[in-house]
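Presented below is the structure to which this report refers.
Because only heavy atoms are used, hydrogens play no part in the values below, and waters and symmetry mates are left out as well, while side chains stay in. Each chain gets a letter, A, B and so on, in the order the sequences are listed, and its residues count up from 1.
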Amino acid sequence: MGLKVFNSLSRKKEDFLPAEKGKVKMYVCGPTVYAPAHIGHARSAVSFDVIYRYLRYRGFDVTYARNYTDVDDKIIARANELGIESGKLAEDNIVAFDSDMGALGVLLPPIRPKATETMAEIISLAEDLISKGFAYELEGDVYFAIRKLSDYGKLSGKNIDNLEAGARVDVDTRKRDPLDFALWKAAKEGEPSWESPWGKGRPGWHIECSCMCMKWLGSTIDIHGGGKDLIFPHHENEIAQSESATGLKPFVRYWLHNGFVNIDKVKMSKSLGNILNIHDALETNTGEAIRFFLLSNHYRSPVDYSAESLKEAGAAIERFYKTVERIHLEGQVAPESSPAAEALQKKMTPIVEAMDDDFNTAGVIGLLFKEITRANRILDEARDAGVEGLSADNRDELGVILALFREAGGFLGLFTTEAESYLNQRKASPPVKAEEIERLIEERKKARQNKDFKKADEIRMGLLERGIELEDNRDGTRWSLKTDI
RNA sequence: GGCGGCGUACCCAAGUGGCUAAGGGAGCAGUCUGCAACACUGCCAUCCAGCGGUUCGAAUCCGCUCGCCGCCUCCA
């Protein structure tokens, strides 16, 4: 039994064996920071965050890097539109990106290189490729000659000749082959640029990832991740550059790619205007609900976003925390209690097996919800029998379930908030003043004591119309914001 | 045209050769409750797009058909 991962290179699930036992070198393509982060960025970030967390949980010593592409055509174009410097735009978006991802519980990768901070390596790699005959200079540009490689296309399964047949007309007829890609681009007027042996210019898109990867992790890494759309040409070109420069194959042992997010069944795109920004999504949903929604699907499958599905995710999270709160209050089990190791292990085993199977987070969530039902059943039975009805065995099991949530939640990056504070956070800015709600609850309590249920119901309905939901339970009445927004 | 993926109940979604096809939401019937909500219990796919094939045995492997989608151009 061990971890298996789906490798895009072989198109199969393979046993995961890093080059060096116990150590994992992992690189993920980060965002090009020209605009705020959207749900697609979130999917990639969350997917690889879980992979990172789980590898560590499994005892690997993980060196993890995720880059920011901070110089690029789109950044320059956007900065010009806004009339600000492209460097400033990039910096602002990096800060916003980290903040948005943080709200989704994404850990900050320990190594976060930027293209602009890797210029020396980029130039040196391009020179190296020229001297080895894999690249050529053309009027201040430098191109990689893909015909020099017999195995170009191995990651994406492309046949170069078929690609050529279907390729669009390339304006740049100077290149030796239409598929040759730029390692270095000569600067145009007013663009940010760096000195190089070929004059002022800036790097092409693909070379920066090769350089950052090799600079921080070495010539061969274990995991390289990114969205499925990056397979061609970006990752294909990274392989070409890196393997040609070092002569070492493979550059990457396991290529992992996450699937897309569709919005109401169609691909998210600027032309359709259906980009869902994380910042906007966070206005009406907790970050945890968004994360839960993403993890309810396997990371390689396409996921279809809708307001409805996000709402369901929020309800599921709430159910989880309500159960945890019940375990604390009714079960009298302390949050930090540590149960017998064997008992925990028994419940953890199927969860670990699901994660070992190419990070099946959706399967894990299914298993966790079985435990939620189990915990509620124990508590219901105890309640029906009186508090004394909670046997030592039952209490132990609740302790195990809590520990299970803590452990699985640790690598899912879910359920990490204290239950009481999660349940309270949604009350931060209620449409009705908290004091007024409390006052009405008190008034309703008196009415109920006097069996004036008509009045009691009027109060409850009145609050409901204003977006406040009341729930009676043994210990009194609690209120919450109506989930249906 | 080339390459790849997907099609599991009303909706979302695990499962990829072998006990009764996870889990969530919705719905229905109960328990609890003054009522409601929450929670719990039961019901809800003899069947996994369709048709063939391999096998003692397939949702899971193979072939074909239909439908949907992605990549081949910047894209997470």
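- For A:E407 and A:K347, the salt-bridge test fails: no basic side-chain N is under 4.0 Å from an acidic carboxylate O.
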Protein-nucleotides 27-31 of chain B N/O pairs under 3.5 Å:
none

Given A:K13 and A:D358, is the salt bridge (charged side-chain N to carboxylate O under 4.0 Å, His left out) satisfied, shown in steps?
CA-CA 7 Å; A:K13 270 185 205 170; A:D358 198 29; 5.6 Å; no
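- Picking from B:A76, B:G23, B:A14 the nucleotide with the shortest atom distance to the side chain of A:M268 gives B:A76.
- Judged by atom type and distance alone, A:D457 reaches the base of B:G34 through a side-chain donor-acceptor pair under 3.5 Å.
- Under 4.0 angstrom from either OP1 or OP2 of B:A13 there lies at least one side-chain N or O belonging to A:N297.
- For the P atom pair drawn from B:C61 and B:U16, the interatomic distance equals 10 Å after rounding to whole Å.
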Atom pairs, protein N/O to nucleotides 58-60 of chain B N/O, distance under 3.5 Å:
none

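- Applying the 6.0 Å contact sphere to NZ of A:K154 captures more than 12 heavy atoms from other residues, nucleotides or ligands.
- If you check every strand for non-hydrogen atoms under 4.0 Å, A:R43 touches nothing.
- One donor-acceptor pair, N or O on each side, does fall under 3.5 Å between the base of B:C35 and the side chain of A:D472.
- Judged by distance alone, the side chains of A:Y321 and A:E288 do bring a donor and an acceptor atom under 3.5 Å apart.
- Between A:D380 and A:F293, it is A:F293 whose nearest contact on RNA chain B lies nearer the 5' terminus.
- Closest to the side chain of A:H38, from the set B:G34, B:A76, B:A39, is B:A76.
- The listed nucleotides are B:G23, B:G25, B:A13; the one nearest the side chain of A:F369 is B:G23.
- Between A:R66 and A:D49, none of the side-chain N atoms (NZ, or NE/NH1/NH2) sits under 4.0 Å from a carboxylate O, so this pair counts as no salt bridge.
- With A:D472 contributing its side chain and A:T477 its backbone, the two residues share no donor-acceptor pair below 3.5 Å.
- For B:G42, the paired nucleotide is B:C28, the pair qualifying as Watson-Crick or G-U wobble because both relevant distances are below 3.5 Å.
- If you check B:C40, B:A37, B:A76 against the side chain of A:L230, the one that comes closest is B:A76.
- The C1' atoms of B:A76 and B:U20 are separated by 41 Å, rounded to the nearest whole Å.
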List the steps and the verdict of side chain to side chain donor-acceptor pair (under 3.5 Å) for A:D73 and A:Y34.
CA-CA 9 Å; A:D73 291 348; A:Y34 69 101; over 6 Å; no
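- Residue A:K12 contributes atom NZ, which lies 16 Å from atom C1' of B:G5 at whole-angstrom precision.
- As a whole-Å value, the separation of A:L295 CG from B:A76 P is 20 Å.
- Ranking B:U41, B:A22, B:C74 by closeness to the A:K370 side chain, first place goes to B:A22.
- If you check B:G34, B:A14, B:U41 against the side chain of A:R460, the one that comes closest is B:G34.
- Between the P atoms of B:G53 and B:C48, the separation comes to 16 Å (whole Å).
- We find that A:K175 and A:D141 are not joined by a salt bridge, their nearest charged nitrogen and carboxylate oxygen being 4.0 Å or further apart.
- Between A:D70 and A:K114, no side-chain nitrogen of the basic residue sits less than 4.0 Å from a carboxylate oxygen of the acidic one, so the salt-bridge criterion is not met.
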Identify each atom pair where a protein N or O and an N or O of nucleotides 67-71 of chain B are less than 3.5 Å apart, giving names and distance.
unit_1: B:C71; atom_1: OP1; unit_2: A:K267; atom_2: NZ; d: 2.2
unit_1: B:C71; atom_1: O2; unit_2: A:K158; atom_2: NZ; d: 3.3

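- Summary of the strand contacts: A:K322 and A:I39 both lie near RNA chain B, and taking for each the nucleotide with the nearest heavy atom, the more 5' one is attributed to A:K322.
- A salt bridge is defined here as a Lys NZ or Arg NE, NH1 or NH2 lying under 4.0 Å from an Asp or Glu carboxylate O, and A:R383 with A:D380 meets this definition.
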Take A:E208 and A:T69, measure what side chain to side chain donor-acceptor pair (under 3.5 Å) needs, and give me the verdict at the end.
CA-CA 8 Å; A:E208 51 166 284; A:T69 296; 2.9 Å; yes
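- Across every strand in view, B:C56 sits in a pair with B:G18 that passes the Watson-Crick or G-U test at under 3.5 angstrom.
- The gap from the C1' atom of B:A45 to that of B:A13 amounts to 14 Å, rounded to the nearest Å.
- Between A:E191 and A:K185 there is no salt bridge, since none of the side-chain N atoms of the basic residue sits less than 4.0 Å from a carboxylate O of the acidic one.
- Using C1' as the reference atom, B:A59 and B:G18 are 13 Å apart when rounded to the nearest Å.
- Between B:C32 and B:G25, the two P atoms lie 22 Å apart (nearest whole Å).
- Look at A:F453 and the base of B:G34; the rings stack, centres closer than 5.5 Å and planes less than 30° apart.
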